[in-house]
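Residue numbers run from 1 in the order of the sequence given.
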Amino acid sequence: MKNIQLLNKIAKVGTDRLDPAVYNVGADVTAPEGIMVRSAKMHDMTFNPELLAIARAGAGVNNIPVDRCATEGIVVFNTPGANANGVKELALCALLLASRKVVDGVVWAKSLAGTADVAKQVEAGKSQFGGTEIQGKTLGVIGLGAIGGMVANAAVALGMHVVGCDPYLSVDGAWHLDSQIKHANSYEEVYAVADYITLHVPATPTTTNMICANTIAQMKPGVKIINLARAELVNAADLAAAMESGKVGAYVTDFPTEETVAINGAITIPHLGASTEESEDNCAVMAADELSDYLATGNIRNSVNYPNACMALSGAMRVCVLHANESAVLTNVTNACSKRGLNIENMLNKSKGENAYTMLDLSAIAGEDLLAELNAVDGVRRVRLITR
């Protein structure tokens, strides 16, 4: 039995995909070979030597020590696109919340409870909650991946002009964008023309505080900013000053912090982007499939710290080697097989930055001596032997 530990509640439709005859799944299992997680903080965790993989049921992996996992030979998966529609729909809601003072109006209307002539008071007081329409306005989309691309397409359908920028946009991603979406060569081009700006990029050293006093100064007066990506993308102090002056007309975020909940006029949503039944189910299913495929076959799909590598099983045994991206490692691995007379029927070697992965399908079953030799190779982090 393979132990799978759940650090958060994972949708049953996902865990049900893990065959109970093969997997022991639960929150209290010990010495897990796999972990499924959503938001639990893992940076202070010490990982047991049996742990082979962590599957994050969601896109962001800020709660996982990804680099440390790589050096310990632990593959980290995420589920890109599984919750994209849920976040897209919340982004559209955020566009409307930024345009119309719905939140303030609802709070005010509720305050009328217990008073007389509510309908008359509403008609007299509604003018304080006037807003604008999004049709005909320009939406700037920063990041055109799975979520940003869907938001951009939906905004076009709603009658908005859309300009987007993504330095890392893939060819496949570009094919899925509406032809009416204008391509900007820099974020600055987006800032200059957008009435609304929506952020769909990960939090990295280069994107942290990307919305700050300097970039806000490049935007149109009264610009409305939507951040359903990560709190770190926006400098809270600079945002507060810009909202106070009127330079920023509205701010809607799905990542409240001590600073942003105190900003007058900011709409702080309690991280609801992927909190739909459909998103949670989709993420759980994808995470379970990625985890079980890796444990059973060694195939890697949607890893954030090791390269994607998939190969149909052939031969009598598969050798899976997680290692540093150094040429000498591959030579030593293949030599260890050759000197034992083990024919390599199929081989795949992929790299991702400093990390690499090699799979070899052998013609015969190797002994533990091969495992010991490969583990001793400088740069090798973990070796597994999988028998068909």
Hydrophobic clusters join Ile, Leu, Val, Met, Phe, Trp and Tyr when side-chain heavy atoms are under 4.5 Å apart, directly or via other members; which others share one with V383?
-> M317, V319, V321, V329, L330, V333, L342, I344, M347, L360, L362, I365, L370, L371, L374, V377, V380, L385

Would you mind checking if R38 and E280 are paired as a salt bridge, meaning a charged N to carboxylate O distance below 4.0 Å?
-> yes

Run the salt-bridge test on E373 and R340 with the 4.0 Å N-O cut-off and return the result as yes or no.
-> yes

Find the distance between [atom1] ([X]) and [atom2] ([Y]) and round it off to the nearest 0.5 Å.
{"X": "M150", "Y": "H200", "atom1": "CE", "atom2": "NE2", "answer": "11.0 Å"}
{"X": "I269", "Y": "T253", "atom1": "CD1", "atom2": "OG1", "answer": "8.0 Å"}
{"X": "I54", "Y": "L7", "atom1": "CD1", "atom2": "CG", "answer": "8.0 Å"}
{"X": "I300", "Y": "L322", "atom1": "CD1", "atom2": "CG", "answer": "6.0 Å"}

Filter on ring pair (Phe, Tyr, Trp, His ring centres under 6.0 Å), then keep only pairs touching [range], sequence neighbours left out; what's left?
{"range": "residues 273-301", "answer": "F77-Y294"}
{"range": "residues 352-388", "answer": "none"}
{"range": "residues 96-120", "answer": "W108-F129"}

Any idea which heavy atoms bring V201 and I142 closest together, and the distance?
-> CG1-O, 3.6 Å

Minimum heavy-atom distance between M286 and N302, given as atom pair plus value | SD-ND2, 4.0 Å

If you count heavy atoms of other groups shown closer than 6.0 angstrom to [atom1] of [X], is the number above 12?
{"X": "D369", "atom1": "CG", "answer": "yes"}
{"X": "R100", "atom1": "CZ", "answer": "no"}
{"X": "H176", "atom1": "NE2", "answer": "no"}

Residues forming a side-chain contact (heavy atoms from CB on, under 4.5 Å) with K137, sequence neighbours excluded = M160, D195, Y196

Could you list the residues that satisfy salt bridge (charged side-chain N to carboxylate O under 4.0 Å, His left out) with E277, not counting sequence neighbours?
-> none

Apply the test side chain to side chain contact (heavy atoms under 4.5 Å, CB included) to residues I386 and T297: give CA-CA distance (whole Å), side-chain angles for both, the deciding distance (0.1 Å), then the verdict.
-> CA-CA 7 Å; I386 299 175; T297 71; 5.6 Å; no

